[in-house]
Amino acid sequence: MPTSELSAADVLIAVRDIAETTTAREVPASALVAARSMLGVDAAVWMDVEGDEVTIQAVSGFLQPETHRSLRMSAHEGLIGMVLTQGEPVALLDYLRETSTPPSRRELLRREGVVSAAGVPIPGEGSRGVVVLISRTAREFAEAELRMAIGVAGIAQQLRDLRAEAERAAAATRFHQAVDALSLALLRGQSADVALEGTSDILGPRVRVAGLPTPGPAKHASDISEDATKPPLLHVPIPGAEQAQLAAEGELPESALRTLAQVVGLDFARQRASVETEIRLTDQFVHSLLTADTDELSRLWSRSALLGMDMKVPRAVISISTKGPIGRPLLDRIVREMRSRTFSGQATTYAGVAFLLWPVPDQDAEKKLPAQINELLVACRPNQVKAGLGPVCRGADDYPAAVKEAIFARQVAAFSSSGRNLVASKDLGMYRLFAHIGGVEALRGTVRETLGPLLEADAASGSDLTHTLRVYLERDRRIADTARALQVHVNTLRYRIERIGKLLKVDLDDPEARFFVTLALRLFPVVEEDAARAHLLDKG
């Protein structure tokens, strides 16, 4: 359309079309469409200058996509260099002849049909850019047409700046809202992944934690995602979290992502401090119970409050051990299993053994407890764990005795010939008394002192005198019954009984001596696990 035929209405329509854009990115493309419509050119390009390079922001009217993708050039060459150097519009009747163009680009422009071209500077404060107008027929651009193009480009640049400023302000507002939402969600106890979902809803790009260990094959942080079908991925390290990174799928300034990473890193640090505090307080709390320190016990109420533990709720003491000392990984697993079955509970290790304080608020919970503990022990495989269940404690003063009984019950489970993983102290009957007089170690010494000579004789000669003595006492010292049970001659049995009396230096007809020997035989399977014990059990 010749310039003389342009009306004010044409200009207003062009300005209106540009003004209807909603984002700064849309403005250059709308301005090119308006310029082509007003001036009747075949194609147009909007280029921004960044340093010594020219980058294309928008194109309109090109027939071949590869043409505008190849139009990256130095800011000092060709038509663009002329416009930027002179600061004025430049029109070329024969573009290919009047400019120096590399052969590859010249061929593309020839296929595109470029004949005449004009370039106008984009006015604006601090702006450096050029709009190029292209005609596929020979055309002389009038000065008025070029001035009109400058005017349209200037209006578009102003609107672009306004849109960009508004977008920056809106982005800043959204970012502050996102940071506030993330911080609040984390403080409310939400996981980082869940909290970041809300942050992503505000920001637009999806933000997530990457690089933490997950089930399945491990992925290196540098391999988070390079799939071309996915949005571009930016990732920054999370301070204080080894290997963990914060990743954004989509366009998000790196500075913004680093700020979010700082917030997540602070929450990770808070969680670590909280866990470490709980571990420390729990350890101190349970250790006070284990040692029965009177001064420490007087402070249990305040410590229980710090742990969120209501001492009015009855709790059972459970002692758990394995072949070696229980480390933090196994303890953490035990705690997870416990807290998946009860609303709360505390745990710690003492001398390589784990101790749990398991809430049993009512009789129903108390009935379910043994089955729940057995489930926990099964879940901790392949670790060979054994547990002792002490009585339910209903007050602070109950705990020291319950701890001793739980330890003794666990030791009984550890030496059990039946293969039981759990022994409850209430099932030990009168043997619970031994928990309060030195436990298994003291009993082992007593048993060895009482039966030692007999055990040594069996070990040295392969005899079964210990078994003979047990069967003899179980049958109330009846020679004939005992001989039949052992399938030996009565004279052989009398010889063995006489030898046993000499080895033990006791008179088995003496009720008091017989009581202690019988008690030692009863305790032997509980406290011993050597070859002699195995031999005795096999015989029984």
Side-chain angles (χ1 to χ4, degrees), residues 1-15 17-18 27-49 54-123 128-157:
M1 180 184 296
T3 307
S4 60
E5 297 180 16
L6 286 173
S7 66
D10 295 320
V11 177
L12 289 175
I13 290 172
V15 173
D17 291 343
I18 296 172
V27 172
S30 181
L32 296 182
V33 173
R36 287 181 62 206
S37 177
M38 290 172 55
L39 303 176
V41 295
D42 297 310
V45 185
W46 181 300
M47 298 182 177
D48 283 346
V49 179
V54 174
T55 59
I56 296 176
Q57 298 301 313
V59 297
S60 178
F62 278 103
L63 302 177
Q64 303 177 86
E66 66 270 19
T67 302
H68 71 263
R69 285 201 296 266
S70 69
L71 287 179
R72 282 161 173 77
M73 60 192 72
S74 167
H76 306 293
E77 68 176 63
L79 177 61
I80 296 168
M82 297 178 191
V83 174
L84 294 175
T85 300
Q86 298 175 23
E88 292 288 338
V90 175
L92 302 175
L93 184 62
D94 188 341
Y95 178 82
L96 293 177
R97 185 177 63 83
E98 297 180 54
T99 58
S100 175
T101 307
S104 59
R105 192 184 308 154
R106 180 179 293 271
E107 178 59 29
L108 279 173
L109 294 175
R110 183 176 290 112
R111 292 206 308 267
E112 191 66 45
V114 176
V115 178
S116 299
V120 299
I122 301 173
R128 291 189 70 215
V130 176
V131 170
V132 177
L133 307 170
I134 294 172
S135 174
R136 293 189 175 92
T137 59
R139 171 174 178 167
E140 293 185 356
F141 288 90
E143 182 177 349
E145 289 178 317
L146 298 179
R147 293 298 173 192
M148 183 66 68
I150 292 175
V152 171
I155 292 171
Q157 182 61 43

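Each residue takes its place number in the sequence, starting with 1.
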Using 0.5 Å steps for rounding, measure from the CD1 atom of I155 to the CD atom of Q157.
12.0 Å
Run the side-chain contact (heavy atoms from CB on, under 4.5 Å) test against S60 and tell me which residues pass, sequence neighbours left out.
L32, V33, R36
By side chain to side chain donor-acceptor pair (under 3.5 Å), which residues pair with S30, not counting sequence neighbours?
none
P89 to V120 - nearest heavy-atom pair and separation
CB-CG1, 3.9 Å
Just grab all the salt bridge (charged side-chain N to carboxylate O under 4.0 Å, His left out) pairs involving residues 82-93, residues at least two apart or on different chains.
E88-R147
Can you see which heavy atom on G154 is nearest to which on P123, and at what distance?
CA-CG, 3.3 Å
Sorted by chain and residue number, the salt bridge (charged side-chain N to carboxylate O under 4.0 Å, His left out) partners of D94 (sequence neighbours excluded) come out as R97
Here's a test for you: under side chain to side chain contact (heavy atoms under 4.5 Å, CB included), which of L84, L79, D48 qualifies with V130?
L84
Of all residues at least two apart in sequence or in a different chain, which pass the side chain to side chain donor-acceptor pair (under 3.5 Å) check with E107?
R110
side-chain contact (heavy atoms from CB on, under 4.5 Å) partners of V115, counting only residues at least two apart:
A138
Check A58 against A29 and note the closest heavy-atom contact, atom names and distance.
CB-N, 3.5 Å
With the side chain counted from C-beta on, respond yes when V41 and F141 share a heavy-atom pair under 4.5 Å apart, and no when they do not.
yes
Do you know which two heavy atoms are closest between P121 and G87, and how far apart they sit?
CG-O, 3.9 Å
Derivation of the side-chain contact (heavy atoms from CB on, under 4.5 Å) call for R139 and D42
CA-CA 11 Å; R139 171 174 178 167; D42 297 310; over 6 Å; no
Contacts of E140 meeting side-chain contact (heavy atoms from CB on, under 4.5 Å) (sequence neighbours excluded), chain-then-number -> L93
Stepwise side-chain contact (heavy atoms from CB on, under 4.5 Å) test for I18 and V27
CA-CA 6 Å; I18 296 172; V27 172; 4.2 Å; yes
Can you list the steps and then say if E98 with M82 is a side-chain contact (heavy atoms from CB on, under 4.5 Å)?
CA-CA 11 Å; E98 297 180 54; M82 297 178 191; 6.0 Å; no
Quick one: do I134 and Y95 satisfy side-chain contact (heavy atoms from CB on, under 4.5 Å)? Show the steps, please.
CA-CA 9 Å; I134 294 172; Y95 178 82; over 6 Å; no
